[in-house]
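Worksheet for the structure shown next.
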2 protein chains.
Amino acid sequence: MSTVGKAVSLLELFTLAEPEIGLSDLARKAGLDKATARRLLMALAERRLIEQESQSRRYRLGAGLSRLARIRDAHFPFVRLAAPVVRDLSIETGETVHLSEFSAGALLTVHVELSAKANRVNVDVGQVLPLHGTPSGIAFLAASRPEVVSAYLDGPLQPFSQHTMTQPDRLMEAVRLAASRGYSRSAQGYEEGVHSIGAAILGSDGNPIGTLAVASPVSRVDDAVAASQGEAAIKAARLISVRLTGEA
Amino acid sequence: MSTVGKAVSLLELFTLAEPEIGLSDLARKAGLDKATARRLLMALAERRLIEQESQSRRYRLGAGLSRLARIRDAHFPFVRLAAPVVRDLSIETGETVHLSEFSAGALLTVHVELSAKANRVNVDVGQVLPLHGTPSGIAFLAASRPEVVSAYLDGPLQPFSQHTMTQPDRLMEAVRLAASRGYSRSAQGYEEGVHSIGAAILGSDGNPIGTLAVASPVSRVDDAVAASQGEAAIKAARLISVRLTGEA
DNA sequence: AACGACGGTTCACATAATGAACCACATTTA
DNA sequence: TAAATGTGGTTCATTATGTGAACCGTCGTT
């Protein structure tokens, strides 16, 4: 792995649940030597992507990240504009809704609104979803240009779990169904007991830039519920597209 | 410079005014070879800190930055909580107000609310302010523990402009005055024609974590105005402290 | 006082980064 | 038209950079 990759992997160890980590722990989790981890951390700290708590000597993410994220967000306000719509969709359906953004050939989960119910699906921000085998990915492909879809399906399709669909022809079929309906549907396709509805969010050029997905426990969903979730998801996705592209 | 430093310096080239940059341009601005810049960009893109627009082939900041910034922000919601207060202070005083966060031995400007007036002071988000020679820095030192102040003043004090104060004894005097008043004041200390009032924002342990500053054209400020700006700045800084530490 | 954890440092060694020269392509200039 | 200049991207011998085992000192526990 490149040195830069290692440095970024250190940043990725910080989570909502564990926002401050000590040196030894950090090195262990990243699979790096303590000296190496420290050198990388010092380089990151110099650029303010990492900070060190002066008394506990633990490390945390730095203010420079907030700064860079603000620049990106001003230019590309996807999460900021989409979050309230995602929230409304979660309230309307009573289920967990997650928002993903297309980045580097996959979907990155950038926002989650959890269901208020006790029995709910939990999704973590930061999770990377492959385009194949997840309802979000299928919805994304269904909204993509045909040549993009076939180029993707011709490439290598790594199975991410035992449920992952890797046969190009079956994927193509799922994509076609999603394209005709406007949303994708999958019962237990990605994880045991989870039912998902996915819809694509379009950018100004008509190409998809991300997705949202309604994730429910299978026990709460029948065909009628799925259909109403699908329609609601389409409406929400379109609303986000409209807000992003300026009423286009 | 370390490889990691070079990679981060590439990220830092993106600004609000120029959020997308091509490879050659990026390499030139960073002072790197094109091949080197590209390798670093690919490493960053793999971790989603950089994205490449597929048609124009230009690069921009990636979604991974938003993700990391969210984690930091949830743990340390400085900007989120302070921004509305800064906004109110800007409206109340009619002047530009900027918010800085202490990070790695200096103050990083993380938020700015510009004055609505035509003749106003402009401040850029991302600017790094040294602790000496800026009103924000003096206010920060004035709120720091005495041993921290003397340790800092004993270290090397680089002059950042011809106006920078580098004599420890004069700085100490300015710090003492700021400590007794609760805010710092500087007319043209940092930049020609700019009058500034700075106030420190305290964290839960009583130590300063950042500052806010009211920046006005000197022509609009006399002693009475400065005093009222100072009182308003103190109130705003305290309000942020209270909100941050949970009504403490 | 002996132990084990911590954060941090050193330096001989090896790997990973470097950059001049090179594509192919698109605009602009002569 | 054809040369010139720009772009993004690639190659590979050279070398500078990153690496990690072993080493501090310190802290809190046993």
Side-chain angles (χ1 to χ4, degrees), chain A residues 1-15 18-62 75 103-105 147-148 151 155 205 207, chain B residues 1-15 18-62 75 103-105 147-148 151 155 205 207:
Chain A
M1 193 195 296
S2 70
T3 310
V4 174
K6 285 173 205 157
V8 180
S9 77
L10 282 172
L11 295 177
E12 289 172 343
L13 293 173
F14 296 91
T15 61
E18 197 180 12
E20 297 199 354
I21 315 182
L23 173 62
S24 299
D25 213 9
L26 226 26
R28 244 192 316 275
K29 284 175 176 159
L32 298 171
D33 187 87
K34 208 154 47 98
T36 301
R38 179 150 207 285
R39 217 166 3 81
L40 296 174
L41 287 167
M42 294 320 270
L44 291 167
E46 206 170 300
R47 301 311 186 117
R48 287 165 235 278
L49 301 198
I50 279 280
E51 287 166 7
Q52 188 172 23
E53 179 85 13
S54 54
Q55 54 247 45
S56 73
R57 300 202 154 181
R58 286 147 66 86
Y59 298 86
R60 63 158 178 245
L61 296 174
H75 177 54
S103 178
E147 65 268 28
V148 174
D205 60 355
N207 287 315
Chain B
M1 196 195 294
S2 70
T3 309
V4 173
K6 286 173 205 157
V8 180
S9 77
L10 283 173
L11 296 177
E12 289 171 345
L13 294 175
F14 297 91
T15 62
E18 198 180 10
E20 296 199 355
I21 314 182
L23 173 61
S24 299
D25 214 9
L26 225 27
R28 245 192 316 274
K29 285 177 177 157
L32 297 172
D33 187 88
K34 210 156 44 105
T36 301
R38 179 150 209 284
R39 216 163 6 78
L40 296 174
L41 287 167
M42 295 320 273
L44 290 167
E46 206 169 300
R47 301 313 186 113
R48 288 165 234 278
L49 300 198
I50 281 280
E51 286 166 6
Q52 188 172 22
E53 180 84 12
S54 55
Q55 55 248 47
S56 74
R57 299 203 155 182
R58 286 147 67 85
Y59 297 86
R60 63 161 178 243
L61 297 174
H75 176 53
S103 178
E147 66 267 28
V148 174
D205 60 355
N207 287 314

Kindly point out which of [options] is positioned nearest to the side chain of [X]?
{"X": "B:Ser2", "options": "D:dG18, D:dT10, C:dG8", "value": "D:dG18"}
{"X": "A:Asp33", "options": "D:dG9, C:dT9, D:dA21", "value": "D:dA21"}
{"X": "B:Gln52", "options": "C:dA17, D:dG8, C:dC6", "value": "D:dG8"}
{"X": "B:Arg57", "options": "C:dC6, D:dG8, D:dG20", "value": "D:dG8"}
{"X": "A:Lys6", "options": "C:dT9, C:dG7, D:dG18", "value": "D:dG18"}
{"X": "A:Arg39", "options": "D:dT19, C:dT10, D:dT17", "value": "D:dT19"}
{"X": "B:Thr36", "options": "C:dA16, D:dT10, C:dG19", "value": "C:dG19"}

Roughly, in whole Å, what's the span from [atom1] in [X] to [atom2] in [N]?
{"X": "B:Leu10", "N": "D:dG8", "atom1": "CG", "atom2": "C1'", "answer": "15 Å"}
{"X": "B:Met42", "N": "C:dA17", "atom1": "CE", "atom2": "P", "answer": "14 Å"}
{"X": "A:Ile21", "N": "C:dC6", "atom1": "CD1", "atom2": "C1'", "answer": "15 Å"}
{"X": "B:Arg58", "N": "D:dG9", "atom1": "CZ", "atom2": "C1'", "answer": "17 Å"}
{"X": "A:Lys29", "N": "C:dC6", "atom1": "NZ", "atom2": "P", "answer": "11 Å"}
{"X": "B:Leu40", "N": "C:dG19", "atom1": "CG", "atom2": "C1'", "answer": "13 Å"}
{"X": "A:Met1", "N": "C:dA16", "atom1": "CE", "atom2": "P", "answer": "11 Å"}
{"X": "A:Glu20", "N": "C:dG7", "atom1": "CD", "atom2": "C1'", "answer": "15 Å"}

- Should the heavy atoms of other residues, nucleotides or ligands under 6.0 Å from CD of B:Glu12 be counted, would the total exceed 12?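 Count over threshold, so yes.
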Quick one: is [X] getting a side-chain N or O under 4.0 Å of the [N] phosphate, OP1 or OP2?
{"X": "A:Arg38", "N": "C:dG7", "result": "no"}
{"X": "B:Tyr59", "N": "D:dG9", "result": "yes"}
{"X": "A:Arg28", "N": "C:dC6", "result": "yes"}

- Is there a side-chain contact (heavy atoms from CB on, under 4.5 Å) between B:Arg38 and B:Lys34 once you walk through the steps? CA-CA 6 Å; B:Arg38 179 150 209 284; B:Lys34 210 156 44 105; over 6 Å; no
- Message: I want to confirm an ordering. Mapping A:Asp25 and A:Thr3 to their closest nucleotides on DNA chain C, which one lands closer to the 5' end?
- Response: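 Closer to the 5' end of DNA chain C: A:Asp25.
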- So do the side chains of B:Asn207 and B:Val148 get within less than 4.5 Å of each other, counting heavy atoms only?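 They are not in side-chain contact.
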- Message: With a 4.5 Å cut-off on side-chain heavy atoms, are A:Leu40 and A:Leu32 touching?
- Response: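 SC-SC contact between A:Leu32 and A:Leu40 confirmed.
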- Message: Given 3.5 Å as the limit, does a donor-acceptor pair link the side chain of B:Arg47 with the main chain of A:Val8, or not?
- Response: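 Looks like no, no N/O pair under 3.5 Å.
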- Pick from B:Glu51, B:Gln52, B:Glu18: which one makes a side chain to side chain donor-acceptor pair (under 3.5 Å) with B:Arg60?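 Only match with B:Arg60 under side chain to side chain donor-acceptor pair (under 3.5 Å): B:Glu51.
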- Query: Going by modelled atom types, is there a donor-acceptor pair between the base of D:dG20 and the side chain of A:Lys34 at under 3.5 Å?
  - Reply: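 It does not, because no donor-acceptor pair links the side chain of A:Lys34 to the base of D:dG20 below 3.5 Å.
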- Message: Give me the distance, rounded to whole Å, that separates C:dC23 from C:dG19 when you measure between the C1' atoms they each carry.
- Response: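 These two C1' atoms come out 16 Å apart once rounded.
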